[in-house]
Structures are given as C-alpha cells and as structure tokens.
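One structure below.
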Amino acid sequence: MLQVAFIRDHKEDVINRLAKRNFDATEMIEEAIALDEERRSTQTKLDNAKADSNALSKEIGNLFKSGEIQKANLLKEKTTQIKEHTKELEQHLNNTIESLDQVLYKIPNVPNDIVPAGNTDEDNEETFREGDIPKLYEGALPHWELAKKYDIIDFELGNKITGAGFPVYKGKGARLQRALITYFLDKNTEAGYTEYQVPHLVNEASGFGTGQLPDKEGQMYHVTEDNLYLIPTAEVPATNIFRDTLLNESELPISITGYTPCFRREAGSYGAHVRGLNRLHQFDKVEILRVEHPDQSYKALEGMVEHVKMILKELKLPYRILRLCGGDLGFTSALTYDFEVFSTAQDRWLEISSVSNFETFQANRLKLRFKNNDGKNELCHTLNGSSLALPRVLAGILENCQTEDGIKIPEVLLPYTGFDMIS
RNA sequence: GGAGAAAUGGCAGAGUGGUCGAAUGCGGCAGUCUUGAAAACUGUUGAGGGUCACACCUCCGGGGGUUCGAAUCCCUCUUUCUCCGCCA
C-alpha cells in the first residue's frame with residue numbers, strides 16, 4: 001500500500017498518475033488524507049491523556065510509600081475520569097486507523113512515468129522481440145495434441161484424480177519439466193540468486209503481506225481447517241521472508257530464487273484460452289525476487305529483464321517483451337514487463353514471465369526497511385519475476401520444436417534431459 | 001494427539017505489582033595505552049511514533065482483562081523445549 005505521507009505530499013501527482021490506470025483516486029485520496037489528519041490529532045490527544053495518568057499513578061505510588069493513604073485515595077478518584085477519556089480516545093483511534101487502512105488497501109500502486117496509457121492488453125507496448133518463428137511442417141499440432149501423441153502429458157488422468165486444470169506429466173514429459181526446473185534454477189543461481197525452498201502453504205499474515213488478502217482471497221485455495229492458503233506463486237512465501245524486517249544498508253541487495261508449484265483457483269476463461277497447458281489450477285514456476293535500495297531498483301529491474309532474455313535466447317524460443325500499460329498493470333506494481341513466447345501452432349503469444357518493480361508498495365505493508373547510512377529507517381524496494389513459468393514454456397518448446405519425427409529438445413537442456421528427442 | 005516447562009534488548013541472562021525501558025555478561029561502537037594490532041581500562045550502545053529540537057507516548061511472543069499503576073497477576077492464542085504416543 002502507498003504511504004500516507006507520500007500521498008499527502010504528492011496529492012495531485014498521485015491522482016494524475018493513477019489516472020493512467022483509469023483509476024479515479026480523487027475521493028479516496030481526500031478521504032485518506034482526512035483520516036490521517038484525524039489519526040494524528042487523536043494520537044496526540046491520547047498521548048497527552050496517557051501522560052497525565054502516568055504522572056498521577058507515579059504520584060499515587062509515592063503517596064502510598066510515604067504513608068499518605070488518604071491523599072492517595074483522593075487522587076485515585078481523579079483517575080477514573082481520565083481513564084474513561086483514554087478509553088474513548090483509544091477506541092476512536094483504532095476506528096480511525098481501521099478506516100484509513102481500508103481506504104489505503106483499495107488504492108493501487110502509482111505507475112512509473114514510462115508506463116504507457118491504455119486500457120487492455122491491446123495497449124501494451126512491445127519493447128523487444130527475438131527469435132525466429134519457425135516454419136513448421138504441414139500438419140503441425142498444438143501442444144495438447146502433441147502431448148497426447150507422444151503420451152507425455154495426460155489431462156484426462158488429472159481430471160480423474162483431481163479435476164480440470166491438474167495435468168499429469170508422464171515419462172519424458174515429466175523428465176523435460178524437471179529438466180527445465182533445474183536448468184532455470186541453475187541459471188538463476190549462476191546469476192547470483194540464492195536458492196530457497198519455501199513452504200507451499202501460507203498463513204493469513206503472509207497472504208496479507210503481499211496483498212492477496214484481503215479482497216483477492218478468491219484466487220487462492222483456502223484450507224479452512226487450519227486457516228492456511230495454498231500459494232498462488234512463490235512470491236508470497238518468498239517475499240514474506242522479509243516481513244517485519246530491518247536490514248542494514250550493507251545487506252542490500254538481496255537476490256533469491258525458488259521453485260514451487262503454484263495453485264490458482266481462478267475460474268478462468270473458456271475454449272482455446274484454457275486448453276491444454278494454457279491455464280491451469282496447478283503449475284510449476286521458478287521465481288526470482290530482489291530486495292533493493294530505492295536508488296538501485298530500476299537498474300535491478302533491467303538486470304532481471306536481461307536475465308530472463310538470456311534464458312529464452314539460450315532456449316532459442318521466439319519471444320517478445322511488453323511494457324504493460326496502465327490498465328493492464330497489476331495492482332501492486334509500478335512497472336511491469338511481460339515476456340511472451342510465441343505458440344506457433346496456436347498462432348498466439350503466451351505469457352511466460354512477468355517482471356515487476358513494486359517500489360515501496362509491498363515493503364510498506366510488509367514493514368521491510370533498511371537502516372540507511374544516516375541511521376534513518378527507509379523502506380526497501382521489492383521486485384520479482386518469473387524465471388520461468390513452466391507450462392507455457394513447455395507448450396512453447398513442444399510446439400516450436402516439433403518436427404515430423406518428434407520433438408527436438410533445445411540443446412542447452414540436453415545435459416538435463418539425457419535425451420534429445422521425444423518421439 | 002497426551003503430560004509438563006518456557007518465551008525479556010544483536011546474543012546470553014536477571015527481574016514476580018510502583019523512580020524497570022529493564023541488572024549483569026558477551027558482542028558492537030568510540031576513546032586511553034601501543035609504531036600498529038591484541039589484551040587491559042574508560043565511556044557508549046534497542047525499536048517505533050511524535051517534535052525544528054525537546055517534552056511526551058508505545059513496545060519485555062500476539063490479543064484481551066484485573067489495577068490508580070503490569071515485564072511481573074488472570075484469560076486466551078501462537079511458538080519453542082522435555083517426556084509419551086503416532087508417523088514420511
């Protein structure tokens with residue numbers, strides 16, 4: 001969430017920049033500023049009331065000690081009034097904070113200046129494209145047909161065991177997926193990211209820390225018995241490593257990577273858009289995450305984009321990079337680059353990575369700060385991205401690397417798969 | 001799952017109703033000594049809010065309560081440890 005102080009000091013700017021999301025924040029911002037005003041003045045009143053009662057208590061203590069019981073009892077009576085007043089103020093303060101938070105939760109992050117205006121994914125700005133779209137043989141198949149033909153992914157079996165959106169990978173399909181996971185993790189650790197294995201279920205506080213809660217609980221599977229949530233992305237547990245943390249400036253930057261399955265309840269779309277591996281309830285993803293000094297975060301974002309580019313180039317997949325427009329930008333992000341691989345047989349682009357700078361938006365809620373060289377506490381910037389999301393990379397490989405004789409495995413993966421062809 | 005014990009500053013560890021934001025030790029920082037370092041000695045050293053700066057307020061696992069006053073008493077939750085049971 002945004003910092004109130006920032007909203008107060010940059011009111012017009014915040015409103016104007018949020019307009020890029022087609023988000024009219026005028027009313028909310030007025031409300032937030034008013035509530036904050038109220039919060040601070042109530043806090044001051046409460047502090048003063050407490051100071052009075054502390055002083056009285058001390059006095060009573062001293063009177064008892066020196067045996068002046070009567071005087072002490074007289075003072076005691078005086079405290080009841082202050083106590084009542086304090087209670088009222090406390091109540092009011094809590095209500096005000098609650099209302100203020102409710103408003104702040106609803107305001108999305110302020111887009112970076114270079115975020116293009118626009119409403120939908122049509123308005124995203126392509127910034128880069130690489131890799132040749134292969135000329136496939138006559139009768140080339142979409143990946144779900146290939147999966148069936150070579151018996152490497154079984155969607156029906158998943159239906160039987162669990163339900164739609166939970167595929168079963170078999171034989172070389174399973175091996176290829178594992179190869180990709182290991183390959184991604186190796187690339188990430190080579191680039192300086194520390195590998196983590198994090199829990200796949202998180203508690204309420206964690207869901208709240210990264211913004212899935214409140215409001216967006218519908219996208220997560222909820223284990224009500226224990227009040228835990230299955231993670232929709234490693235971002236949730238990985239970012240919450242840093243909840244309520246005060247770092248030293250020298251500890252920055254922090255770079256971590258981790259592989260997790262991801263669970264998404266979202267009902268999704270229909271037809272070809274959810275066909276095969278295009279959209280699943282459970283999928284695998286390798287995530288990269290950084291905690292940065294505010295001055296360095298955009299440089300870090302570029303670094304992450306370059307890193308993902310390098311991986312896709314090695315895989316020799318045709319892909320493009322989009323700078324998301326205001327309307328398509330995620331709630332918590334200030335700037336996002338999406339990577340899309342071209343699905344030749346489906347003739348469409350599939351999102352395989354999303355790399356974002358959240359600036360202080362997550363850090364504020366997480367209370368993730370660092371002590372700067374002046375000894376002041378400052379919010380860190382957080383960034384994350386996929387590197388990469390498995391199913392669509394798999395789909396991309398199956399479709400783009402298909403030949404009449406079978407699927408030709410990209411060369412960089414050979415040490416990981418141990419085979420060069422799925423036939 | 002059952003029985004018991006515990007949770008205090010970066011760490012260790014005292015403190016069981018009133019100058020306790022908290023003894024002491026270690027660690028950190030600064031200084032003395034030294035050519036330099038170590039040792040020794042001296043001083044200093046938690047966080048958040050608030051203020052121009054003070055004042056002041058809050059924080060002894062979380063939440064609630066008793067009391068004029070709570071680290072200290074009560075309730076509750078969480079976590080950790082020991083023992084038993086179960087188990088990949």
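Protein chains get the first letters and strands the later ones, always in sequence-line order, with residue 1 at the start of each. Keep in mind it's a predicted model, so treat the numbers as computed, not measured.
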Of A/Leu56 and A/Gly61, the one whose closest nucleotide on RNA chain B sits nearer the 5' end is A/Gly61
Taking only the C1' atom of each, what is the distance from B/U45 to B/C52 in whole angstrom? 26 Å
Backbone of A/Ser354 reached by a side-chain donor or acceptor of A/Ser386 within 3.5 Å: yes
Should B/G31 form a Watson-Crick or G-U wobble pair with both distances under 3.5 Å, which nucleotide is its partner? B/C41
Non-hydrogen side-chain atoms of A/Met421 and A/Ile409 separated by less than 4.5 Å: no
Which is true for A/Ser57 with a 4.0 Å heavy-atom rule: it touches a base, it touches only sugar-phosphate, or it touches nothing? base
pair_partner(B/A6), Watson-Crick or wobble, both distances < 3.5 Å, evaluates to B/U79
Let me know, please, whether A/Thr44 or A/Lys83 comes out on the 5' side of the other along RNA chain B by nearest nucleotide. A/Thr44
Salt-bridged, A/Lys148 to A/Glu145, with N to O below 4.0 Å? no
Any strand: nucleotide that pairs with B/U72 via Watson-Crick or wobble, under 3.5 Å: none
Using the side-chain heavy atoms of A/Ala51, tell me which of these nucleotides is nearest: B/C56, B/A47, B/C68. B/C56
Nearest-Å distance, CG (A/Asn62) to P (B/G18)? 12 Å
Looking at A/Tyr150, I'd like to know if the NZ or CZ of A/Lys172 sits under 6.0 Å from its six-membered ring centre while staying within 45 degrees of the ring's axis. no
Watson-Crick or G-U counterpart of B/C59, or none if no pair lies under 3.5 Å: B/G46
Separation of the C1' atoms in B/U16 and B/A6, to the nearest angstrom: 15 Å
Please work out which of the three classes, parallel, tilted or perpendicular, describes the rings of A/Phe370 and A/His293, given edges at 30° and 60°. tilted
Taking B/G13 as the reference, what is the distance to B/G17 when you measure between their P atoms (whole Å, please)? 23 Å
A/Arg39 side chain: which of B/C68, B/G50, B/C57 is closest? B/G50
Please measure how far the C1' atom in B/C84 lies from the corresponding atom in B/U76, and state the result in whole Å. 26 Å
Within 45 degrees of the ring normal and closer than 6.0 Å to the centroid, is that where the cationic atom of A/Arg264 sits relative to A/Phe283? no
In whole Å, measure the gap between the C1' atoms of B/G61 and B/U80 for me. 10 Å
Inter-nucleotide C1' distance (B/C54, B/G62), Å rounded: 33 Å
When you check the phosphate oxygens OP1 and OP2 of B/C57, does a side-chain N or O of A/Asn54 lie under 4.0 Å from one of them? yes
Rounded to whole Å, please give me the gap between CG in A/Asp226 and P in B/G1. 10 Å
Candidates B/G18, B/A47, B/G49 - which lies nearest the side chain of A/Phe64: B/G18
B/U24 and B/C75: how far apart are their C1' atoms, nearest whole angstrom? 34 Å
When the P atoms of B/G25 and B/C41 are compared, how many Å lie between them, rounded to an integer? 11 Å
Whole-Å distance between B/C68 C1' and A/Lys50 NZ? 16 Å
Under a 3.5 Å limit for both distances, which nucleotide forms a Watson-Crick or G-U wobble pair with B/U24, could you say? B/A12
Under a 3.5 Å cut-off for both distances, is B/C54 Watson-Crick or wobble paired, and to whom? none
Students often get this wrong, so: under 4.0 angstrom with heavy atoms, is A/Leu75 touching a base, only sugar-phosphate, or nothing? nothing
Atom CG of A/Asn372 and atom P of B/A47: how far apart are they, to the nearest Å? 13 Å
B/U66 C1' sits how many Å from A/Lys87 NZ, rounded? 11 Å
Value in whole Å for how far the C1' atom of B/U67 lies from CD of A/Glu84: 16 Å
Does any nucleotide pair with B/G36 by Watson-Crick or G-U wobble geometry, both distances under 3.5 Å, and what is it? none
Taking 4.0 Å as the cut-off, does a side-chain nitrogen or oxygen of A/Lys371 come that near to OP1 or OP2 on B/A47? yes
Take the protein atom NZ of A/Lys76 and the nucleotide atom P of B/G69, then report the distance between them rounded to whole Å. 9 Å
What class does the angle between the rings of A/His307 and A/Tyr193 fall in, given that below 30° is parallel, 30 to 60° is tilted and above 60° is perpendicular? tilted
Scanning all shown strands, the Watson-Crick or wobble mate of B/C86 with both distances under 3.5 Å is none
Interatomic distance, A/Ile82 CD1 vs B/G69 P [rounded to whole Å]: 11 Å
